[in-house]
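Everything on this sheet refers to the single structure shown next.
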Amino acid sequence: MTQTIKLAVIPGDGIGKEVVPEGLKVLERALEGTGVTVRPTTFDLGAERWHRTGQTLTDEDLEAIKTHDAILLGAVGDPSVPSGVLERGLLLRLRFALDHYVNLRPSVYYPGVPTPLADPGDIDFVVVREGTEGLYCGNGGVVRQGTAHEIATEVSVNTAYGVERLVRYAFAKAQARAAKHLTLVHKHNVLVHAGDLWRRTVEAVGTEYPEVAVDYCHVDAATIYMVTDPGRFDVIVTDNLFGDILTDEAGAVTGGIGLSASGNINPERAFPSMFEPVHGSAPDIAGQGKADPTATISAVALMLDHLELHEAAAKVEAGVTADMATRRGGAQRSTSQIGDAIAEAVTAGADTS
Ligand code: GGG
């Protein structure tokens with residue numbers, strides 16, 4: 001097969017610039033001998049561009065990005081830029097403009113990887129987080145700013161259309177997995193309006209998936225189960241904010257957020273989907289070669305799966321799994337050393353297959 005992947009690459013800020021080259025390195029390695037090549041275009045977006053030009057993401061940038069097959073993003077955010085400017089103006093704008101309504105975040109525990117849990121057990125679940133609505137959609141404002149009577153609102157938007165399409169995706173995902181178990185995470189005893197919409201939608205769509213066992217968990221309870229009994233989860237479907245928080249916690253219990261990958265997906269393929277590590281730009285360690293590129297490399301595997309290059313995706317996953325097996329008591333490695341090791345494992349796996 002001859003195919004070229006047009007890849008929009010957005011290293012972004014901080015450690016994003018360090019982990020993205022490792023993701024590209026492993027991508028190239030996984031595609032060796034397949035006839036598929038990558039044509040990357042790097043987009044200069046993030047704090048430096050904002051300081052230089054005052055721009056986060058122009059309409060021209062967006063149109064250019066839309067001509068690609070997929071996007072690989074590093075991280076967004078920098079302490080020198082007012083909070084929210086890059087996160088909203090770049091990261092969320094991309095998700096909204098490209099209708100990335102599924103934010104897919106798998107969590108797997110690899111035995112031997114250091115974890116804060118005494119007994120992590122068998123952790124293998126995926127969070128299907130809504131990506132375009134909820135509290136993140138920007139529906140709010142401030143009045144009487146700077147006075148003693150300042151009012152700030154941030155209103156969570158949950159549309160029947162938006163919730164249903166996400167819930168359908170989550171059920172299809174659960175149906176395809178061995179455990180066939182879906183957990184709705186919300187807070188419907190307090191957030192009664194949105195909670196009821198989510199609950200009714202799961203109930204209605206669930207009738208079409210009789211093989212999928214469904215349960216419900218309040219988000220506060222879910223944060224507890226995440227550390228006491230994470231093995232209970234298979235597919236979690238939840239809103240934008242709850243999903244963001246829970247997946248950071250999931251990263252922590254499976255060995256650190258440096259291992260957690262994320263896909264911002266438009267399942268209809270109307271727009272390119274975007275793949276990124278769950279972690280942010282980590283300015284405290286940026287530029288030191290200390291960042292773990294594994295999350296970005298796993299994001300590359302998610303991207304290959306999305307592009308239906310399943311064999312190459314499996315090679316990347318196998319490379320990550322092989323590297324994980326070396327982590328118990330292993331020496332500290334640099335970003336590029338981890339990238340090299342995974343790339344080598346990809347090649348070694350390919351040679352023996
Ligand atoms: N690589 C992802 C990243 O830069 N995350 C920073 C962030 O602000 N994330 C919020 C979110 O994922 O909604």
Side-chain angles (χ1 to χ4, degrees), residues 8-24 43 45-50 56-57 65 70-107 126-140 154 156-157 162 166 219 236 238-252 256-265 273-286 291-303 335:
V9 180
I10 308 175
D13 301 312
I15 60 169
K17 294 194 183 81
E18 298 164 53
V19 293
V20 161
E22 304 309 315
L24 292 174
F43 285 81
L45 299 168
E48 280 174 22
R49 161 97 172 263
W50 183 80
T56 49
L57 179 74
I65 287 169
I71 306 160
L72 182 65
L73 174 93
V76 170
D78 189 275
S80 69
V81 181
S83 182
V85 168
L86 296 170
E87 292 82 354
R88 291 214 69 89
L90 177 50
L91 182 61
L92 295 192
R93 179 146 189 249
L94 279 168
R95 288 184 189 157
F96 297 170
L98 304 178
D99 202 18
H100 294 155
Y101 67 87
V102 173
N103 189 211
L104 191 68
R105 297 187 160 188
S107 274
V126 55
V127 176
V128 179
R129 164 190 171 194
E130 206 290 321
T132 56
E133 300 192 342
L135 270 165
Y136 283 38
C137 79
N139 184 19
E154 209 82 58
S156 178
V157 169
L166 182 83
V219 65
I236 291 175
T238 192
D239 85 351
N240 210 336
L241 176 67
F242 297 152
D244 192 7
I245 296 169
L246 277 179
T247 52
D248 273 30
E249 190 187 14
I257 196 152
L259 305 181
S260 303
S262 169
N264 302 275
I265 294 173
S273 292
M274 179 166 78
F275 300 85
E276 56 171 333
V278 168
H279 64 70
S281 57
D284 54 326
I285 58 161
D292 190 333
T294 306
T296 305
I297 293 168
S298 293
V300 164
L302 288 178
M303 180 179 84
T335 308

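Hydrogens, waters and symmetry mates play no part in the numbers below; they use all other heavy atoms, side chains included. All ligand and atom numbering here is 1-based and tracks the order in the structure.
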Closer than 4.0 Å to some heavy atom of E276 - which atoms of ligand 1 meet that?
1 (N), 2 (C), 3 (C)
Geometry only, no angles: is S281 polar-contacting ligand 1 at N/O separations under 3.5 Å?
no
Show me which atoms of ligand 1 lie under 4.0 Å from any heavy atom of E87.
8 (O)
Which part of L91 is near ligand 1, with near meaning a heavy atom under 4.0 Å away: side chain, backbone, both or neither?
side chain
Which atoms of ligand 1 are found less than 4.0 Å from any heavy atom of H279?
1 (N), 2 (C), 3 (C), 4 (O), 5 (N)
Assess whether salt bridge (charged side-chain N to carboxylate O under 4.0 Å, His left out) is satisfied between D13 and R49, documenting all intermediate values.
CA-CA 10 Å; D13 301 312; R49 161 97 172 263; over 6 Å; no
For the 3.5 Å polar cut-off, considering only N or O atoms, please tell me whether L92 and ligand 1 meet it.
no
Provide the number and element of each atom of ligand 1 under 4.0 Å from a heavy atom of R105.
12 (O)
Determine yes or no for a side-chain-to-main-chain donor-acceptor pair under 3.5 angstrom, with T132 supplying the side chain and D99 the backbone.
no
Go through ligand 1 atom by atom and flag the ones less than 4.0 Å from a non-hydrogen atom of R129.
11 (C), 12 (O), 13 (O)
Between Y136 and ligand 1, does any nitrogen or oxygen pair lie at a separation below 3.5 Å?
no
With a sphere of 6.0 Å drawn around CD of E48, does it hold more than 12 non-hydrogen atoms of other residues, nucleotides or ligands?
no
Shortest non-hydrogen separation from D78 to L86 and the atoms involved
N-CD1, 4.1 Å
What are the two closest non-hydrogen atoms of Y136 and R88, and how far apart are they?
O-NH2, 2.6 Å
Test item, G131 contacting ligand 1 (heavy atom, 4.0 angstrom)
no
Do any nitrogen or oxygen atoms of G74 come within less than 3.5 Å of a nitrogen or oxygen of ligand 1?
yes
Are any of the N or O atoms of R95 closer than 3.5 Å to those of ligand 1?
yes
In ligand 1, which numbered atoms sit nearer than 4.0 Å to a non-hydrogen atom of A75?
1 (N), 4 (O)
Proximity to ligand 1 by part of M274, non-hydrogen separation under 4.0 Å
neither
Does ligand 1 have any atom sitting under 4.0 Å from a heavy atom of R88?
no
